[in-house]
Amino acid sequence: MYIVIDRFEGGFAVAELPDGSFAKLPRALVPSDACEGSVLKIEVDAAETERRRAEAQKCFDELTGQ
C-alpha cells in the first residue's frame, strides 16, 4: 500500500490513503526525510512477523514451563 504525505500538523503527518481518505500518523512513525508529497510504502514484513511470534511463543513456553 502506498500513502502520500499531504501535510504536517504539529506532531502528526496527514497522509492521503489509496481510497482518497486521510489519516493522521504520529510524526515519529514517518521517516525523518519525508516531506509533503513524499510517497510512503507500507507493507507487512512476514519474516520479521514470524520471528517475533516465535520469540513470544518461546517466552510464553518458558514462563508456563512447557
Side-chain angles (χ1 to χ4, degrees):
M1 172 194 317
Y2 292 95
I3 63 172
V4 180
I5 302 299
D6 183 67
R7 63 188 179 278
F8 292 96
E9 293 180 352
F12 293 92
V14 179
E16 183 175 2
L17 306 178
D19 67 1
S21 64
F22 291 85
K24 284 186 174 181
L25 305 171
R27 206 167 189 159
L29 294 179
V30 177
S32 61
D33 59 341
C35 59
E36 292 177 359
S38 291
V39 177
L40 306 179
K41 182 178 181 181
I42 299 175
E43 62 185 10
V44 174
D45 185 329
E48 181 63 12
T49 299
E50 182 53 36
R51 185 194 70 74
R52 288 176 182 230
R53 278 191 184 134
E55 181 64 26
Q57 185 64 53
K58 178 182 170 189
C59 291
F60 178 78
D61 291 346
E62 290 173 1
L63 285 171
T64 60
Q66 295 181 5

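Listed by chain and number, the hydrophobic cluster partners of Tyr2 are Val4, Val39, where partners are ILVMFWY side chains within reach of under 4.5 Å, directly or through others.
Every residue meeting the side chain to side chain donor-acceptor pair (under 3.5 Å) condition with Asp19, not counting sequence neighbours, appears here in chain and number order: Ser21. In this structure, the side chain to side chain contact (heavy atoms under 4.5 Å, CB included) partners of Glu16, at least two apart in sequence or on a different chain, are Phe22. Applying the side chain to side chain contact (heavy atoms under 4.5 Å, CB included) test to Glu43 and every residue at least two apart in sequence or in another chain returns Lys41.
For the atom pair Ile3 CD1 and Leu17 CG, the distance stands at 6.5 Å (nearest 0.5 Å).
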Please set out all donor-acceptor pairs under 3.5 angstrom arising from side-chain atoms of residues 23-33, sequence neighbours excluded.
{"from": "Lys24", "atom 1": "NZ", "to": "Glu9", "atom 2": "OE1", "distance (Å)": "3.4"}
{"from": "Arg27", "atom 1": "NH1", "to": "Gly10", "atom 2": "O", "distance (Å)": "3.4"}

Atom pairs and distances, donor-acceptor, side-chain atoms in residues 59-66, under 3.5 Å, two or more places apart:
{"from": "Asp61", "atom 1": "OD1", "to": "Gln57", "atom 2": "NE2", "distance (Å)": "2.8"}
{"from": "Thr64", "atom 1": "OG1", "to": "Phe60", "atom 2": "O", "distance (Å)": "3.0"}
{"from": "Thr64", "atom 1": "OG1", "to": "Asp61", "atom 2": "O", "distance (Å)": "3.4"}

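Glu48 and Arg51 are joined by a salt bridge, as a carboxylate oxygen and a charged side-chain nitrogen come within less than 4.0 angstrom of each other.
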